[in-house]
Amino acid sequence: MSQLLDFYRQLTPDSEGRMLEDIWQWDHAQLEACHDYIQWLFPLDVASNFNPDAPLLTKEDMAAFRRNDLLQDHLRKSFEMWIDFVGLDFAVDDSPQPARRIIKGPNFEARKSLWARPNHNWLRMTRVLKSLKLCGLEKQAAILFDCLQQIHAEGYVSEESFAFWKDAAGASGR
């Protein structure tokens, strides 16, 4: 059995002894200060340059995330935590069939320092986009990228970083 899947099923801790639910409870200061949880919450199929204990997302793991409702729900919860951390929020359109969008949240101004200049959170954003796509949450990756496009248009993000996000979202033709 995969340690990553067991972590996401809340059966075992990560390499540092933390359970998924514990990380979900962290405040913004903890999420900013700790640098080895993001690879567990948003795993990739390539080794981390920053965390040698990070799990590697296998093809079997990707398939499990795509077909298992519990894993998808837990990944969505991690995503919601991330969205709040970076000062964004979910909005619902007023159309007959509401679709979720991501917008600047009520705490965007307070979290603005995360957007002011290149920093490790911009690298984390690339990871989040890629991981969501690999694990079957393509729609979430797309609505996040749509918001990032707007933030970029407002001058918050460098062209270089935006190019990484565009590539991670697979939005080259958008």
Within-4.5 Å side-chain heavy-atom neighbours: [X] and [Y]:
X      : Y      : value
Leu5   : Arg9   : yes
Leu56  : Asp61  : no
Leu88  : Asp84  : no
Ile38  : His120 : no
Lys130 : Val46  : no
Gln39  : Asn51  : yes
Pro106 : Asp89  : yes
Leu57  : Leu44  : no

What pair of heavy atoms forms the shortest contact from [X] to [Y], and how long is it?
X      : Y      : value
Cys147 : Ile102 : CB-O, 3.3 Å
Trp122 : Leu114 : NE1-O, 2.8 Å
Ser48  : Phe50  : OG-N, 3.0 Å
Glu32  : Arg124 : O-NH2, 4.0 Å
Gly87  : Asn107 : CA-OD1, 3.2 Å
Gln3   : Asp14  : NE2-C, 4.3 Å

Ignoring hydrogens and geometry, is there a side-chain-to-backbone donor-acceptor pair from [X] to [Y] under 3.5 Å?
X      : Y      : value
Asn68  : Leu71  : yes
Gln72  : Cys135 : yes
Asn119 : Arg117 : yes
Tyr8   : Leu41  : yes
Asp45  : Thr58  : no
Gln30  : Asp27  : yes
Thr126 : Phe164 : no
Trp115 : Val86  : yes
Lys133 : Ala169 : yes

Next item on the list: Start with the C-alpha gap between Lys112 and Tyr156, add the side-chain angles, then the distance that decides, and say whether side chain to side chain contact (heavy atoms under 4.5 Å, CB included) holds.
Entry: CA-CA 9 Å; Lys112 204 171 183 175; Tyr156 286 101; 3.4 Å; yes

[X] [atom1] to [Y] [atom2] distance, which is reported to the nearest 0.5 Å:
X      : Y      : atom1 : atom2 : answer
Glu16  : Ile23  : CD    : CD1   : 9.5 Å
Asp146 : Ile103 : CG    : CD1   : 13.0 Å
Ile151 : Leu144 : CD1   : CG    : 8.5 Å
Leu132 : Phe65  : CG    : CZ    : 10.5 Å
Ile83  : Gln140 : CD1   : CD    : 10.0 Å
Asp73  : Ser78  : CG    : OG    : 11.0 Å

Check: Above 12 or not: heavy atoms from other molecules or residues under 6.0 Å from CD of Glu154?
Finding: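 Yes, because the 6.0 Å sphere around CD of Glu154 holds more than 12 heavy atoms from other groups.
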
Margin query: When you measure from the centre of the six-membered ring of Phe90, is the NZ or CZ of Arg100 closer than 6.0 Å and no more than 45° off the axis?
Written below: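 Flagged: Arg100 positioned over aromatic ring of Phe90.
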
Checklist line | Qualifying residue for ring pair (Phe, Tyr, Trp, His ring centres under 6.0 Å) with His74, from Phe79, Trp24, Phe42 | finding: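 The ring pair (Phe, Tyr, Trp, His ring centres under 6.0 Å) with His74 is passed solely by Trp24 among Phe79, Trp24, Phe42.
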
Note to self: Go through it in stages, so that I can follow the logic: the residues are Arg66 and Glu138, the test is salt bridge (charged side-chain N to carboxylate O under 4.0 Å, His left out), and I'd like the CA-CA distance, side-chain angles, deciding distance and then a yes or no.
What the structure shows: CA-CA 10 Å; Arg66 288 177 173 277; Glu138 291 91 351; 2.8 Å; yes

Note to self: Which residue in the set Phe7, Tyr37, Trp40 passes side-chain contact (heavy atoms from CB on, under 4.5 Å) when paired with Leu20?
What the structure shows: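 Among Phe7, Tyr37, Trp40, the one that satisfies the side-chain contact (heavy atoms from CB on, under 4.5 Å) with Leu20 is Phe7.
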
Checklist line | Stepwise salt bridge (charged side-chain N to carboxylate O under 4.0 Å, His left out) check, Glu80 with Lys77 | finding: CA-CA 5 Å; Glu80 290 167 4; Lys77 187 165 183 169; over 6 Å; no

Next item on the list: Go through Leu123 and Met125 one step at a time and tell me if the side chain to side chain contact (heavy atoms under 4.5 Å, CB included) criterion holds.
Entry: CA-CA 5 Å; Leu123 295 172; Met125 190 67 77; over 6 Å; no

Check: Can you say whether the rings of Trp82 and Phe85 are parallel (under 30°), tilted (30 to 60°) or perpendicular (over 60°)?
Finding: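 It falls in the tilted class, 30° to 60°.
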
Next item on the list: Give the ring-plane orientation class for His152 versus Phe162, where under 30° counts as parallel, over 60° as perpendicular and anything between as tilted.
Entry: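 Rings of His152 and Phe162: parallel, under 30°.
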
Notebook entry, point to check: Do Arg18 and Asp36 meet the salt-bridge criterion of a basic N to acidic O distance under 4.0 Å?
Noted result: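 Salt bridge flag = yes for Arg18 with Asp36.
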
